[in-house]
Amino acid sequence: MQKVTLTVNGREVTAEIDERTLLLEFVRDTAGLTGTHNGCMEARCGCCAIEVDGDVVKSCNVLAVQVNGAEVTTIEGLSPQKLGPVQQVTTQTLAGVYEPLDAIRSSVEDLHPLQAAFHRCHALQCGFCTPGMVMVLKDYLEENPAPCRDDVRKAIAGNLCRCTGYQHIVDAAMEAAEVMRGAGATTTDD
Amino acid sequence: MKPFTWLAPDTTAGAVAMLREHAPDARAIAGGQSLLLALKDRSARPTHLVSLSGIDELTGVRTADDGSLVVGAATTYAVLARASLAGWHGVLAEVAGDLADRPVRNRGTIGGALCTADPRYDMPAFAIGVGAGLRVSGASGDRAVAAEDFAEGAGVTALGPDEILTAVVLPPLAAWDTVAFEKFRHRVFDAAIVSVTCALRQGPDGTVAETRLAVGGATPVPVTAPVAAALLAEGASAAEVGTRAADEVLPGGTTGGEAVRYRHELIRSLVRRAVDRALSDVRTV
Ligand SMILES: Cc1cc2nc3c(=O)[nH]c(=O)nc-3n(C[C@H](O)[C@H](O)[C@H](O)COP(=O)(O)OP(=O)(O)OC[C@H]3O[C@@H](n4cnc5c(N)ncnc54)[C@H](O)[C@@H]3O)c2cc1C
Ligand code: FES
Ligand code: FES
């Protein structure tokens with residue numbers, strides 16, 4: 001066993017863990033943040049992407065002990081989490097007034113430009129790949145603020161999406177890039 | 001994964017001592033991008049993992065007094081891709097920035113790629129192609145190994161159980177006038193099926209004085225194609241060099257199985273492309 005401390009989205013989490021614990025498992029099971037998804041466990045799908053000391057990594061291919069002491073940012077860390085009381089979801093509430101942002105008591109202004117753009121551009125269907133897509137694109141756009149569509153496609157080469165066909169994801173990235181450059185409208189990064 | 005003990009030394013000497021103490025079942029781990037996959041499917045079952053990522057002397061890029069470029073073995077692709085390197089040394093940054101994917105490049109290291117000795121990885125072929133030297137530290141002292149003598153088979157290197165690779169040394173800029181790297185893969189983040197490095201130096205009269213060709217992916221370890229490379233100085237065309245290189249690396253490749261014929265064809269095309277690019281580079285300088 002090994003004692004590991006990580007600062008996850010600003011919160012310090014310390015635990016005695018088995019050396020074999022993957023960073024992905026630490027984030028989901030020890031820190032209790034399940035926004036980071038496990039899609040393949042073999043560094044292929046990118047659903048588990050998170051930031052470690054500012055660099056995006058596939059958390060299923062990193063041991064928690066390897067990054068002991070690091071600052072970790074997960075998808076939950078991108079915008080304030082204001083979870084409302086759990087509501088009964090029925091087909092009717094879904095068909096009627098379903099507003100995804102209501103469910104987390106959030107508004108577009110609170111979201112990271114990428115999250116807002118994914119929302120606006122309908123860049124997700126089942127949403128399983130989304131946390132990884134957003135984390136990789138955040139890392140990419142911070143370094144390359146003015147990409148072309150081909151650049152974006154290359155940047156997410158290690159992220160698989162089985163639903164969207166990538167078109168809307170690229171749309172969202174282009175829109176978010178504009179906002180992040182300060183050229184676009186509405187949303188702001190906090 | 002099988003259970004292991006985690007060790008995190010902060011010097012190369014410390015790491016070597018730990019590997020020696022726990023040999024033969026201790027393993028070094030740098031970024032873990034290849035090793036973790038092997039641990040997960042239990043094809044690697046080390047009892048001790050010795051982490052190299054806390055050893056400062058193993059990371060970073062610097063130019064030595066003689067002009068050679070000393071790249072720490074535990075330097076990540078991401079750091080290499082961002083490095084501003086002069087002349088053909090810059091091709092190292094280009095190669096590092098155009099393999100795997102962003103998250104993997106943030107953790108994977110050049111030394112990890114060489115020590116995995118996967119025939120399809122880019123860095124081993126590139127290192128052989130430019131005539132790089134490797135520095136190794138072990139319990140019985142330090143030694144230097146030429147990149148082309150390092151891989152002894154797919155997944156097998158010249159490293160002893162208590163040795164680590166400390167640096168990859170690219171020759172000084174004067175060694176080559178230009179270096180061209182070409183590879184073919186189906187999807188952006190797939191490892192290359194075949195890669196080709198062409199390094200070229202001109203004589204004072206502007207003719208080709210020396211050419212070095214290395215081909216990765218086609219054989220269990222990347223190889224050079226000296227006979228094909230020598231043709232260039234004799235005035236052969238890029239296409240002729242390509243055809244010759246394909247036959248040299250995969251003799252009888254045109255009549256082999258499908259996979260061999262495919263690679264033979266890839267070598268032919270990629271060598272022609274690399275040589276063309278190298279020639280046009282030196283002619284426009
Ligand atoms: C999704 C994915 C896509 C990839 N695509 C590509 C690609 O397109 N092209 C390509 O070239 N590669 C590709 N790779 C492979 C990548 O290049 C390697 O995984 C990476 O460079 C290994 O470096 P590492 O630091 O993570 O090594 P580790 O996984 O830590 O180590 C690998 C092996 O080398 C040994 N080792 C590491 N460093 C040293 C050292 N200094 N001294 C002695 N032994 C050492 C370890 O003991 C282990 O056996 C890909 C990998 C993944 C996961
Ligand atoms: S779960 Fe990590 S890449 Fe698929
Ligand atoms: S939205 Fe379903 S996998 Fe991408």
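Residue numbers start from 1 in every chain, and the chains themselves are labelled A, B, ... in the order their sequence lines are given, proteins ahead of strands.
Within the 3.5 Å criterion, the main-chain N or O of A:Asn61 finds a donor-acceptor partner in the side chain of B:Gln33. For the pair B:Lys40 (side chain) and A:Met41 (backbone), a donor-acceptor distance under 3.5 Å is present. Side chain of A:Gln66 to main chain of B:Gly31: a donor-acceptor pair is present (N/O by atom type, distance under 3.5 Å, no hydrogens or angles).
One finds the CG atom of A:Asn159 at 9.0 Å from the CZ atom of B:Phe189 (value rounded to the nearest 0.5 Å). Atom CH2 of B:Trp6 sits about 10.5 Å away from atom CD1 of A:Ile17, to the nearest 0.5 Å.
No more than 12 heavy-atom neighbours from other residues, nucleotides or ligands sit within 6.0 angstrom of CD on B:Glu258.
Residue A:Leu22 touches chain B through its side chain alone, counting heavy-atom pairs closer than 4.5 Å. Using a 4.5 Å cut-off between heavy atoms, B:Ile29 touches chain A through its side chain atoms alone. Neither the backbone nor the side chain of B:Leu39 has a heavy atom closer than 4.5 Å to any heavy atom of chain A. Looking at A:Asp139, both its backbone and its side chain come within 4.5 Å of chain B, counting heavy atoms on both sides. Looking at B:Arg105, there are no atoms closer than 4.5 Å to chain A (heavy atoms on both sides), in backbone or side chain.
Under the side chain to side chain contact (heavy atoms under 4.5 Å, CB included) test applied with B:Asn106, the options A:Val56, A:Val62, A:Asp53 reduce to a single match, A:Val56.
Inter-residue side-chain proximity for A:Arg20 and B:Pro3 is flagged as met; some heavy-atom pair is nearer than 4.5 Å. Residues B:Leu49 and A:Leu63 are in side-chain contact: their nearest non-hydrogen atoms beyond the backbone lie under 4.5 Å apart.
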Kindly indicate, with the supporting measurements, whether the criterion side chain to side chain contact (heavy atoms under 4.5 Å, CB included) is fulfilled by A:Glu143 and B:Arg82.
-> CA-CA 10 Å; A:Glu143 200 175 303; B:Arg82 281 194 291 261; 3.3 Å; yes

Going through the checks in order, is the side chain to side chain contact (heavy atoms under 4.5 Å, CB included) test met by B:Asp98 and A:Lys154?
-> CA-CA 9 Å; B:Asp98 189 28; A:Lys154 266 198 162 178; 3.7 Å; yes

When you look at B:Val104 and A:Val57, which way does the side chain to side chain contact (heavy atoms under 4.5 Å, CB included) test go after all the steps?
-> CA-CA 6 Å; B:Val104 171; A:Val57 306; over 6 Å; no

Salt bridge (Lys or Arg N to Asp or Glu O under 4.0 Å) assessment of B:Arg102 paired with A:Asp151 | CA-CA 12 Å; B:Arg102 247 185 124 66; A:Asp151 297 336; over 6 Å; no

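Highest contact tally toward chain B, considering only A:Glu51, A:Gln2, A:Arg44, is held by A:Arg44 [criterion: heavy-atom pairs under 4.5 Å].
A salt bridge is absent between B:Asp101 and A:Arg153; no separation between the charged side-chain nitrogens and carboxylate oxygens falls under 4.0 Å.
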